[in-house]
Amino acid sequence: MSLTLQEVHDLLLRRGQTQYGLEAINQLEHALQCANLAELAGETSETIVACLLHDLGHLLAAEREGTVEHDTTEDDLHQFIALPFLRGLFPEAVLEPIRMHVDAKRYLCLIDPSYWNDLSIASKHSLEQQGGVFDEAQANAFIAQSFAEEAVRLRRYDDLAKVKDKPVPGLEHYQARLAEVAY
Ligand code: FE
Ligand code: FE
């Protein structure tokens, strides 16, 4: 079931042209902007790769359904969809921040009052579908997990990676990091 690096690359190029939810950019642009912000912040290769691939589940779901439009009316659980496809390819340091990136939003909404305010309309909308803001007990359980801090940082890059026509390095820029981090 696991994808190869080549298949991950091809999927990003083939399905990356689909719109990123309700935002003004496409999935590939979003992935590249997210990875770029992580790289500029000095993150590890594992976290940068997690940023690049954090929404791969959206692309896999679209591939499976043969659709080009992303259905925004219900939660697609995209943070889990990519995991079985990537588990044979990347370590936990890549998989766990991907798995936790939706919960990181629920966490940040509780601990940072300004965070919810700054979310895009689309992201506020999806928050409700994803279970809403964490309570204290949920937040404590979340942040105690390995790679939760990385997931929270990924989430911050994710939220900023929605800028129309921003020039950032292309997918080829990440080939060496992908190869370095992959088994
Ligand atoms: Fe996502
Ligand atoms: Fe995202």
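One-based numbering, in listed order, for ligands and for the atoms of each. Computation of the quantities below employed the complete heavy-atom set of this structure, encompassing side-chain atoms and omitting hydrogens, waters and symmetry-equivalent molecules.
For residue His78, an N/O/S atom approaches the Fe ion (ligand 1) to within less than 2.8 Å.
Each of His30, Arg99, Met100 was checked for a side-chain contact (heavy atoms from CB on, under 4.5 Å) with His54, and the lone residue meeting it is His30.
Screening the protein for N, O or S atoms under 2.8 Å from the Fe ion (ligand 2) yields 5; no waters enter the count.
Taking the six-membered ring where tryptophan is involved, the planes of His58 and His78 are essentially parallel, since the angle between them stays under 30° and well short of 60°.
Residues satisfying the side-chain contact (heavy atoms from CB on, under 4.5 Å) test with Glu172, not counting sequence neighbours, are none.
Using a 4.5 Å cut-off between side-chain heavy atoms of Ile, Leu, Val, Met, Phe, Trp and Tyr, with links allowed through other members, Leu95 and Leu3 fall into the same hydrophobic cluster.
Leu89 is not listed as a side-chain neighbour of Val94, based on a closest heavy-atom distance of 4.5 Å or more. Within the 4.5 Å cutoff, side-chain heavy atoms of Ile98 are placed close to those of Leu53.
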